Every structure is written in C-alpha cells, then in structure tokens.
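Whatever order the structure lists ligands and atoms in, that order sets their numbers, starting from 1. Hydrogens, waters and symmetry mates are skipped; everything else that's a heavy atom, side chains included, is used. This is a predicted model, so every value here is computed, not measured.
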Amino acid sequence: MTLRAVVEGIGHYLPDRVVPNSEFEKTLDTTDEWIRTRSGIERRRFAAEGQTTSDLAVRAARAALENAGLTPDDIDGIIVATSTPDLTFPSVATMVQKELGMTHGFGFDVQAVCAGFIFALTNANALLIAGQAKRLLVIGAETFSRIMDWNDRSTCVLFGDGAGALVLGLQDGTGANTDRGILSADLNSDGRYRDMLYVDGGVSTTGAAGKLRMQGNPLFRQAVEKLTSTAETALAKVGLTGTDVDWIVPHQANIRIIQGTAKKMGLPMDRVIVTVQDHGNTSAASIPLALSVGVETGKIKQGDLVLSEAIGGGLAWGSVLLRW
Ligand code: ACO
C-alpha cells in the first residue's frame with residue numbers, strides 16, 4: 001500500500017478590477033499589439049485599494065473548501081505560496097487560518113516566487129506522506145500590482161493579482177503510476193541567477209518593499225530550457241514521458257514560453273491549459289488559478305494525468321506530476 005496526496009477540491013478568486021492592455025497605452029510608450037504578440041496577455045486583474053494578499057487567499061480557500069464539501073474543521077494545516085505577503089510577518093497562512101475561524105492546526109508561507117506553488121505542493125505532499133497532517137489547504141496568492149514600477153514598460157504590463165487554492169487529502173494507492181494523487185515532483189534553484197529577476201528592496205536592505213526588476217530576454221531562454229528539463233525529470237521518475245500527459249498546466253508568464261515548452265515536450269497546444277491572456281503573470285497564484293479554470297471549464301477530469309511546471313526569481317524552478 002502506498003499513501004497518495006490527492007486533490008479533494010479546488011477554487012480560485014480574482015479581484016473585480018479588469019485591466020485591459022489599452023489602459024497602459026495612456027501612460028506608457030506601449031501598445032495592446034506589442035503586449036499581446038510578445039506575451040499573449042490581453043488583460044489582468046488588479047486588487048482594489050486596501051485589498052491584501054490574505055483577502056484574496058481567504059476567498060480562494062473558501063471556494064476550494066466548498067468545492068471539496070468540507071469545512072475549516074476538516075483542515076489540519078495551511079500552506080500559502082506568496083512573494084507579496086500583507087506584512088513582513090506574521091505569515092499570510094496564519095491570517096487565512098484566523099479568517100477561516102481555525103484555532104487548530106498550523107500555517108506557514110513558502111516563498112519561491114513564480115515557482116512558489118510547486119514548492120508549496122511538494123512540501124504539502126511530504127507533510128501528508130510523513131503523517132504530519134491528514135488534510136491541507138495549499139494556496140497560491142499574490143498582489144504583484146504592489147511591486148510594479150509603473151514607469152517600466154518591460155515589466156508592469158506583464159503581471160496581475162489573484163489566488164488559487166486546493167485541498168489536498170490522503171488516499172491509499174497501489175504504488176503504480178495509475179494511482180490518483182501526486183506521483184512525483186522535481187525542485188531546483190540556482191542563486192547565481194539572482195539579478196535576472198528580483199525586487200530591489202527588502203527588510204534587511206532598504207527597509208521598503210521595493211519594485212520588481214527583470215531581464216526578460218535572458219530569462220525567457222532560461223525558462224524554456226529549465227521548464228522542459230524539470231518536466232522531463234518528474235515524468236522519468238515514474239517511467240512516463242510527455243506524450244502520456246493529458247494536461248500541462250504551466251506557470252502563466254508568457255504564451256511563447258508555454259508554446260516553446262509544449263513543443264519541446266512533443267505536446268500539442270490543445271493539451272495545455274492557458275489562462276495568461278486573462279490573468280497575466282500572477283506568480284505563485286498562476287498554477288492553482290489555471291488548474292481551477294481547467295476543472296471549472298470541464299477540461300481536467302478525474303483520472304487525468306496533469307503536469308505543472310514553473311520558474312521564477314532565484315532562479316527557482318520545478319514541477320509536480322499528479323493524477324487528478
Ligand atoms: N511595449 C513596447 N515595447 C516594449 C515593451 C512594452 N511594454 N517592453 C519592452 N519593450 C521593448 C524593449 O525596450 C525592446 O526595445 P529595443 O529593442 O529598442 O531595446 C524590445 O521591446 C524587445 O524587448 P525584449 O525584452 O527583447 O522583448 P522579448 O521579446 O524578450 O519580450 C518579455 C519581453 C515579454 C518580458 C519576455 O522576454 C518574457 O516573457 N520573459 C520571461 C519572463 C518570465 O518568464 N518570467 C517568469 C518568471 S516571473 C517571476 O518569477 C516573478
């Protein structure tokens with residue numbers, strides 16, 4: 001018998017304010033056409049003034065619990081992947097815990113920028129398999145609009161706000177790759193790439209949150225190469241290849257990165273969940289948002305083999321292979 005961490009419910013939340021590309025044409029030397037063709041992004045959501053990352057996370061968590069038919073009493077712990085927390089501390093996870101009315105269990109945050117949800121999911125899987133919890137809420141939530149330099153056209157048009165959450169429980173499996181649940185994962189980072197993507201502020205440097213800085217072009221090349229290799233590694237761990245996958249649910253940074261990775265894996269685009277046109281890059285929220293949209297639109301069904309991969313600041317990158 002092999003214990004498997006299985007998705008029991010999923011949900012998401014997007015702030016009300018929809019920002020089309022045309023809004024940036026008013027203040028920047030940019031066009032809707034440039035943003036669409038270079039990134040695939042058509043619109044994104046921005047959180048309202050005063051709306052925080054934990055507000056988005058709580059709404060996504062409630063949606064996932066409802067989808068699972070569970071209440072906060074059924075949850076043993078909360079892991080939130082975010083790089084845009086409400087405060088330096090305490091964690092967003094403990095804020096979510098309080099809002100859900102939970103006085104039991106534990107909560108903590110994971111920070112691996114755009115790869116954060118992959119790292120959070122892998123941690124959740126390990127905690128469940130090790131017997132530390134029976135059921136966890138795993139959330140990706142971000143308000144990247146708060147760390148944009150609105151004068152930098154090469155970054156501020158690319159990001160958005162949102163949150164996605166899933167409930168991960170335990171189920172007996174056989175040990176075969178036909179089991180439901182998380183089948184394998186692959187995590188990587190390489191701090192030599194720090195300057196490719198970073199925020200130019202922080203607690204022990206400037207004392208302020210700072211703004212996002214990115215060398216988009218070299219990062220693009222790193223992304224396609226590293227996303228393909230981590231996906232292949234996760235698949236190889238359980239004797240599978242790209243053609244076995246029903247759905248790739250990638251980090252949604254740029255449609256050209258998504259297309260390049262799918263091509264390298266030999267998969268057609270009709271087996272890829274794409275939300276970048278509507279959400280922009282929501283960092284750690286992008287994969288749970290895309291998973292939730294994939295389920296909501298009836299594409300991802302129970303039993304499907306789903307591969308998620310992401311790369312972000314660090315650089316940090318990785319993938320999770322699971323059977324829905
Ligand atoms: N509007 C018009 N022109 C622009 C804009 C804009 N919004 N932004 C940049 N340009 C210009 C540049 O100034 C440059 O002009 P130049 O040739 O005169 O110097 C030209 O467009 C081309 O710029 P590139 O950066 O070479 O454009 P590229 O095709 O690489 O696309 C992009 C840029 C979209 C940023 C792309 O490189 C990309 O997506 N990179 C990867 C981002 C990524 O993967 N992030 C993932 C992690 S994110 C995270 O962890 C938080």
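- Counting heavy atoms only, T30 comes closest to atom 1 (N) of ligand 1 of the residues T30, D152, L28.
- Residue M196 is grouped with residue I257 when hydrophobic side chains (ILVMFWY) are merged at heavy-atom distances under 4.5 angstrom, including chains of intermediate members.
- Between D304 and R323, none of the side-chain N atoms (NZ, or NE/NH1/NH2) sits under 4.0 Å from a carboxylate O, so this pair counts as no salt bridge.
- For atom 39 (O) of ligand 1, the nearest protein heavy atom lies under 4.0 Å away.
- Atoms of ligand 1 found under 4.0 Å from any heavy atom of I257, numbered from 1 in the order shown, are 41 (C), 44 (O).
- With hydrogens and angles left out, the side-chain atoms of D109 and T82 include no donor and acceptor closer than 3.5 Å.
- Note on L322 and I10: same hydrophobic cluster, where clusters join Ile, Leu, Val, Met, Phe, Trp and Tyr whose side-chain heavy atoms are under 4.5 Å apart, directly or indirectly.
- Counting only heavy atoms, the protein never gets under 4.0 Å from atom 16 (P) of ligand 1.
- The protein heavy-atom contact nearest to atom 51 (C) of ligand 1 is C114 SG, 2.9 Å.
- From I273, atom CD1 reaches atom OG1 of T297 across 5.5 Å, with rounding to the nearest 0.5 Å.
- The nearest heavy-atom contact from the protein to atom 31 (O) of ligand 1 is R256 NH2, 3.4 Å.
- Considering both main-chain and side-chain atoms, G313 comes within under 3.5 Å of ligand 1 through a nitrogen or oxygen pair.
- Not counting sequence neighbours, the partners of D200 by the side chain to side chain contact (heavy atoms under 4.5 Å, CB included) test are Y198, K211, R213.
- Close approach of ligand 1 to F159 is summarised as follows: ligand atoms under 4.0 Å from at least one heavy atom of the residue are 51 (C).
- Under a 4.0 Å heavy-atom criterion, F24 is not in contact with ligand 1.
- The closest protein non-hydrogen atom to atom 43 (C) of ligand 1 is L219 CD2, 3.6 Å.
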- Item | Derivation of the side chain to side chain donor-acceptor pair (under 3.5 Å) call for E142 and T84 | CA-CA 6 Å; E142 303 277 19; T84 46; 2.6 Å; yes
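- For atom 13 (O) of ligand 1, a protein heavy-atom neighbour is found at a distance under 4.0 Å.
- The single protein non-hydrogen atom nearest to atom 41 (C) of ligand 1 is G216 O, 3.6 Å, given as residue, atom name and distance.
- Within 6.0 Å of the NZ atom in K237, the count of heavy atoms belonging to other residues, nucleotides or ligands exceeds 12.
- The closest protein non-hydrogen atom to atom 7 (N) of ligand 1 is R153 O, 2.8 Å.
- Under a 4.0 Å criterion applied to the non-hydrogen atoms of R38, ligand 1 contributes the atoms 29 (O), 34 (C).
- Of all the listed residues (V157, N217, V276), N217 holds the heavy atom that lies closest to atom 30 (O) of ligand 1.
- The atoms of ligand 1 that sit less than 4.0 Å from any heavy atom of L158 are 35 (C).
- Residue-environment remark: CZ (R194) stays at or below the threshold of 12 foreign heavy atoms within 6.0 Å.
- By the definition of a contact as any protein heavy atom under 4.0 Å away, atom 4 (C) of ligand 1 is in contact.
- Between atom CG of residue N21 and atom CZ of residue R44 there is a gap of 4.5 Å, rounded to the nearest 0.5 Å.
- Looking at A253, S83, A115 and measuring to atom 46 (C) of ligand 1, the nearest heavy atom belongs to A253.
- Set against the non-hydrogen atoms of V113, the atoms of ligand 1 under 4.0 Å away are 49 (C), 50 (O), 51 (C).
- When the heavy atoms of F220, F144, W34 are ranked by distance to atom 27 (O) of ligand 1, first place goes to W34.
- Here is the list of ligand 1 atoms found below 4.0 Å of a heavy atom in L197: 47 (C), 48 (S), 49 (C), 50 (O), 51 (C).
- Not a single N or O atom of H251, backbone or side chain, sits closer than 3.5 Å to an N or O atom of ligand 1.
- Of all the atoms in ligand 1, the ones that sit under 4.0 Å from a non-hydrogen atom of N254 are 34 (C), 36 (C), 38 (C), 39 (O).
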